[in-house]
There are 2 protein chains.
Amino acid sequence: MADKDISFLLALAQKADLHGTLASSTVQLAEELGVSQQTVSRKLQDLFDAGTIDKSITPNGVTITLTEKGKAQLRALYGELQQLFGKQLVLHGIVKDGFGEGKFYMSQEGYIKQFAGLLGFTPYHGTLNLAVDKYAAALFLSTKKQSYISGFQTKERTFGGLKCYPILIAKKTAGAVVVPDRTAHTLDTIELIAPIYLRDQLKLENGKEVVLS
Amino acid sequence: MADKDISFLLALAQKADLHGTLASSTVQLAEELGVSQQTVSRKLQDLFDAGTIDKSITPNGVTITLTEKGKAQLRALYGELQQLFGKQLVLHGIVKDGFGEGKFYMSQEGYIKQFAGLLGFTPYHGTLNLAVDKYAAALFLSTKKQSYISGFQTKERTFGGLKCYPILIAKKTAGAVVVPDRTAHTLDTIELIAPIYLRDQLKLENGKEVVLS
DNA sequence: ATTACTAGGTTCCGAGTAA
DNA sequence: TTTACTCGGAACCTAGTAA
């Protein structure tokens with residue numbers, strides 16, 4: 001029965017920030033959620049009766065907090081989805097243009113030496129950029145072993161640290177995903193390194209799909 | 001509109017394993033989901049019309065596959081929950097008995113030296129076991145910096161590697177969560193190490209609650 | 001055995017309105 | 001201003017049944 005109102009509960013949780021309280025009104029919530037004020041009023045009562053939220057009515061609105069039971073319900077849903085997506089064993093990405101920074105960074109001795117020690121190969125002096133699904137990428141990488149490459153300094157400038165996840169590229173080539181600590185883009189784009197020049201060896205062009213595992 | 005049927009879609013995804021197909025029948029699904037055969041039939045049509053599943057009808061049932069759109073919908077929901085729980089900054093745990101193995105492992109020079117180098121303190125020769133929520137623990141740890149302690153060998157036996165996450169115990173003591181590579185329990189229980197004997201110094205007994213941050 | 005249409009009952013939503 | 005009740009109509013579910 002509470003199964004139906006779970007998306008309503010989720011919406012409240014997003015506004016109330018999981019822990020913490022939400023001071024609002026049924027009118028305002030109705031507007032934000034695209035339903036009537038009456039529906040909000042009724043649903044809040046239902047959730048309260050179900051023990052998933054605490055609410056207190058004041059002359060100028062309602063104040064809402066999620067109960068432990070309410071949080072548990074969302075966490076259960078989260079767990080189910082996690083099980084679903086957690087089994088993600090491969091990641092699909094589309095080859096896209098980098099802007100040459102990869103080449104610059106991968107020419108730095110400070111990085112190359114650490115990569116060689118950690119991965120067992122000397123990386124080619126460039127990176128391959130892949131456009132990926134942000135969530136899928138986060139999940140995929142979370143199942144991989146994470147290594148850390150320390151930052152360092154040269155006379156000219158400072159180079160930051162980066163995370164590094166060994167993976168298999170296109171079921172053929174051992175390589176790694178590299179995520180700089182101070183990364184510009186989110187995980188919409190990931191950078192690959194490998195012992196060879198991937199674009200040539202795997203005959204990749206922009207727009208081609210690559211599978212990581 | 002498809003927002004209402006998302007739990008139905010999730011149920012299908014769980015049976016079909018996200019990728020992959022589900023061969024079943026409306027009668028069987030109805031039983032498993034606790035609704036009528038007619039409702040299953042109608043909902044499958046709705047989902048098909050919405051483009052979230054592919055279905056093919058055979059004389060002895062239906063075969064169902066999630067479309068990219070369907071997967072994307074679930075992933076979006078997952079992402080929202082991830083944002084909610086990803087902000088998890090503290091983890092609550094209940095002190096429970098270990099079985100002395102912690103003490104044994106934390107007396108091994110091979111581990112102690114690495115911990116000292118990595119964490120900046122020499123750990124007390126024992127661990128504190130906490131009962132925690134499995135999902136909350138996974139989330140909490142995923143936001144912490146992961147370090148790796150290598151396995152090693154002695155004359156007698158082999159010791160496996162373990163992951164290590166620096167954290168703050170009870171808002172006072174710097175310590176770390178330790179997760180052996182070959183762990184017996186899942187994350188229902190986590191092991192803490194610290195430079196001091198936590199049970200005495202923090203006046204902890206079994207059943208007491210501890211906050212990690 | 002299937003899926004799925006029709007019909008009737010139940011649930012749910014929202015405009016009006018009381019408090 | 002609030003919240004929340006009443007009530008008519010829309011949406012939804014299931015039993016019966018056709019294909």
Side-chain angles (χ1 to χ4, degrees), chain A residues 1-17 20-67 69-70 73-74 77, chain B residues 1-17 20-67 69-70 73-74 77:
Chain A
M1 61 171 204
D3 194 60
K4 248 278 313 267
D5 294 330
I6 194 123
S7 54
F8 196 87
L9 184 63
L10 173 58
L12 291 179
Q14 287 174 324
K15 294 184 189 305
D17 221 8
T21 63
L22 170 64
S24 186
S25 76
T26 54
V27 180
Q28 192 186 333
L29 285 172
E31 214 168 286
E32 292 170 3
L33 300 176
V35 292
S36 71
Q37 175 269 323
Q38 291 87 341
T39 296
V40 173
S41 173
R42 184 168 27 78
K43 291 225 155 177
L44 288 180
Q45 288 178 67
D46 291 348
L47 289 175
F48 180 75
D49 291 343
T52 52
I53 64 168
D54 281 337
K55 81 179 161 114
S56 75
I57 309 298
T58 69
N60 45 322
V62 283
T63 314
I64 299 161
T65 322
L66 268 74
T67 63
K69 185 175 174 186
Q73 249 169 48
L74 290 175
L77 178 62
Chain B
M1 61 169 204
D3 192 59
K4 249 278 317 264
D5 293 331
I6 194 123
S7 54
F8 196 87
L9 183 64
L10 172 58
L12 291 180
Q14 287 175 324
K15 296 184 188 306
D17 222 10
T21 63
L22 170 65
S24 186
S25 76
T26 54
V27 179
Q28 192 185 333
L29 284 172
E31 215 169 287
E32 292 170 1
L33 301 176
V35 292
S36 71
Q37 175 271 322
Q38 292 85 342
T39 295
V40 173
S41 174
R42 183 169 31 76
K43 291 224 154 179
L44 288 181
Q45 289 178 68
D46 291 347
L47 289 176
F48 180 76
D49 292 341
T52 51
I53 64 169
D54 282 337
K55 82 180 161 113
S56 75
I57 309 298
T58 69
N60 45 321
V62 284
T63 315
I64 297 162
T65 323
L66 268 73
T67 62
K69 185 175 173 185
Q73 247 169 49
L74 289 174
L77 178 63

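Each chain gets a letter, A, B and so on, in the order the sequences are listed, and its residues count up from 1.
A:Gln37 has no side-chain polar atom (N or O) that falls below the 4.0 Å cut-off from OP1 or OP2 of C:dC13. One finds no side-chain N or O of A:Lys43 lying less than 4.0 angstrom from the OP1 or OP2 phosphate oxygen of D:dT3. Applying the 4.0 Å criterion to OP1 and OP2 of C:dG14, one finds that A:Thr39 has a side-chain N or O inside that range. Between A:Thr26 and D:dT3 there is a side-chain N or O to OP1 or OP2 distance below 4.0 Å.
Within 6.0 Å of CD in B:Glu31 there are 12 or fewer heavy atoms belonging to other residues, nucleotides or ligands.
For B:Thr21 (side chain) and B:Thr63 (main-chain N/O), no donor-acceptor pair under 3.5 Å exists by modelled atom type. Here the side chain of A:Lys69 pairs a donor or acceptor atom with the backbone of A:Ala50 at under 3.5 angstrom.
Checked against C:dA4, D:dC5, D:dT3, the side chain of A:Ser25 finds its nearest nucleotide in D:dT3.
For the pair B:Arg42 CZ and C:dA4 P, the computed distance is 12 Å after rounding to whole Å. Computed from coordinates, the B:Leu29 CG to C:dT2 C1' distance equals 13 Å when rounded to whole Å. Following rounding to the nearest Å, A:Leu33 (CG) and C:dC13 (C1') show an atom-to-atom distance of 14 Å. Between the CD1 atom of A:Ile57 and the P atom of D:dC5 there is a distance of 11 Å, given to the nearest Å. Remark: P of D:dC5 and CD of A:Gln45 are 5 Å apart, rounded to the nearest angstrom. We find that CG of B:Leu47 is positioned 13 Å from P of C:dA4, with the value rounded to whole Å. To the nearest angstrom, P of D:dT2 lies 11 Å from CD of A:Glu31. Look at CD on A:Gln38: it is 11 Å from P on D:dT3, rounded to the nearest Å.
One distance of note links CD1 of B:Ile64 with OG1 of B:Thr52; it measures 10.5 Å at 0.5 Å rounding.
Within the 4.0 angstrom heavy-atom criterion, base atoms lie near B:Ser41.
In this structure, A:Leu33 and A:Thr39 have side chains that are not in contact, with every pair of non-hydrogen atoms separated by 4.5 Å or more.
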